[in-house]
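All remarks here apply to the structure that follows.
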Amino acid sequence: MKAIIPVAGVGTRLRPHTFSNPKVLLNVAGKPIIGHIMDKLIEAGVDEAIVIVGYLGNMVEDWLRKNYSIKLTFVDQPERLGLGHAIWMCKSHVPEEEPLFIILGDTIFDVDLGPVLKSQFSTLGVKEVADPRRFGVAVTGGGKILRLVEKPDTPVSNLAIVGLYFIRHSGQLFSSIDHLIDNRILTKGEYQLTDALQHMIEHGEKFTTFPVQGWYDCGKPETLLSTNEILLKNHTTTKTYPGCIINDPVFIAENAIIENTIVGPNATIGENSVISNAIIKDSIVGSDARVTHIMLNQSIVGNNATVSGNPNEINIGDFSEIRLG
Ligand code: UTP
């Protein structure tokens, strides 16, 4: 089974980190976002990944080729014209009669894909959300999807489409995107995958839904940090660091140096980083970073960055209360 992973986007919401790294290579709970996705896909039996690259695409390609041995095909999307367009770029790599799985490059999921990839019908991963206005949603009835609506202004359904798509008939998907492109049908300035799927529904393709409880977005700093926290759950550290307190769950790269520091909970420390005289919780520190004399909370420190604070020397009397900003 082939899986398409579109990762051509610029990741503007994760700047400044995405000025120098593609979003999917940002470290969350000890490995890049795309590493979590690839591991799940391979576990489910996917044997070829078609990766749509654009912005900093060479870095994505180098990392994947170095770390995975399944068949990898890279397709360049020179202009970001939307998800529908991105998928359309893969047309020559997917035989019409084959089924296809698509997963967005910034969605880490926890769902058993086994039954999904064997589904008799096309099926989309959904999750109930309180406010569906930010998502594409599925209106269902009679055991199937009746229609799909991209970012509805009026509440038609609270079943958000979360970025996992199993397409039974690839040929029909590509014909539907052809239809959008030939007729320049854009929504919010982009060729939308949702519009192509809606076109398939209108032409008789049956779509069902499957529930995705574990759906961890990595598109914004706050969601990257909450995903880091969720993925670290139950992670325990066996290595000891003299003079340090480790509050699990944390991920500390094997060769990171930690001195006089409290790490965790919910902290990821990348390779070759040196942390000393610090307190780091609910944060991600990239690789080759230096963090000293500071307390970090809800923070993301990029690769090769240096953060240091002032060690405060104080001489305070009994019953004092001091809050340093
Ligand atoms: P997003 O729009 O959420 O990601 O697209 P982005 O563009 O990287 O991030 P922001 O919005 O600027 O912060 C969801 C996924 O679809 C891919 C993106 O790379 C991302 O993985 N995508 C989107 C493409 O590959 N091509 C496109 O034309 C659009």
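In each ligand, atom 1 is the first atom listed, and ligand 1 is the first ligand listed. In this chain, numbering begins with 1 at the start of the sequence shown. What you see below is based on every heavy atom in this structure, not just the backbone, and it leaves out hydrogens, waters and symmetry mates.
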Backbone or side-chain N or O of Arg80 under 3.5 Å from ligand 1 N or O: no

For atom 26 (N) of ligand 1, which protein heavy atom lies nearest, and how many Å away is it? Gln77 OE1, 2.7 Å

Is the shortest side-chain heavy-atom distance between Arg65 and Leu72 below 4.5 Å? yes

Protein heavy-atom partner closest to atom 12 (O) of ligand 1 - residue, atom, separation in Å: Thr12 OG1, 2.6 Å

Using a strict 4.0 Å cut-off to heavy atoms of Arg13, name the atoms of ligand 1 that fall inside it. 3 (O), 9 (O), 10 (P), 11 (O), 13 (O)

Protein contact to atom 9 (O) of ligand 1 [nearest heavy atom, distance to 0.1 Å]: Lys23 NZ, 3.2 Å

Which of the atoms of ligand 1 are close to Val10, meaning less than 4.0 Å from one of its heavy atoms? 7 (O), 8 (O)

Taking the side chain from Thr18 and the backbone from Gly11, do they hold a donor-acceptor pair closer than 3.5 Å? yes

Under 30°, 30 to 60°, or over 60°: which ring-plane class applies to His199 and His179, parallel, tilted or perpendicular? parallel

So for ligand 1, is Glu79 a polar contact partner (N or O within less than 3.5 Å, distance only)? no

Going by the order shown, which atoms of ligand 1 are within less than 4.0 Å of some heavy atom of Leu81? 28 (O)

Shortest non-hydrogen contact from Leu180 toward Gln192: CD1-O, 3.5 Å

Selected option - heavy-atom contact closest to atom 22 (N) of ligand 1, from Ile37, Asp106, Ile103, Leu83: Leu83

List the closest protein heavy-atom neighbour of atom 25 (O) of ligand 1: residue, atom name, distance to the nearest 0.1 Å. Ala8 N, 2.9 Å

Main chain of Val285, side chain of Thr268: is a donor-acceptor contact present, judged purely on distance under 3.5 Å? no

For the side chain of Thr123 and the backbone of Phe121, is there at least one donor-acceptor N/O pair under 3.5 Å apart? no

For Leu104, is at least one N or O under 3.5 Å away from an N or O on ligand 1? no

Return yes if some donor-acceptor pair links the side-chain N/O of Asn303 with the main-chain N/O of Ser287 below 3.5 Å, else return no. yes

Best match, Ala86, Gly11, Gly9, Gly82: closest heavy atom to atom 29 (C) of ligand 1: Gly82

Quick one: nearest non-hydrogen protein atom to atom 20 (C) of ligand 1, plus distance? Pro6 O, 3.8 Å

Salt bridge (charged side-chain N to carboxylate O under 4.0 Å, His left out) involving Lys31 - partner list, sequence neighbours excluded: Asp39

Shared-cluster residues of Leu232, by chain and number - hydrophobic side chains joined below 4.5 Å: Phe251

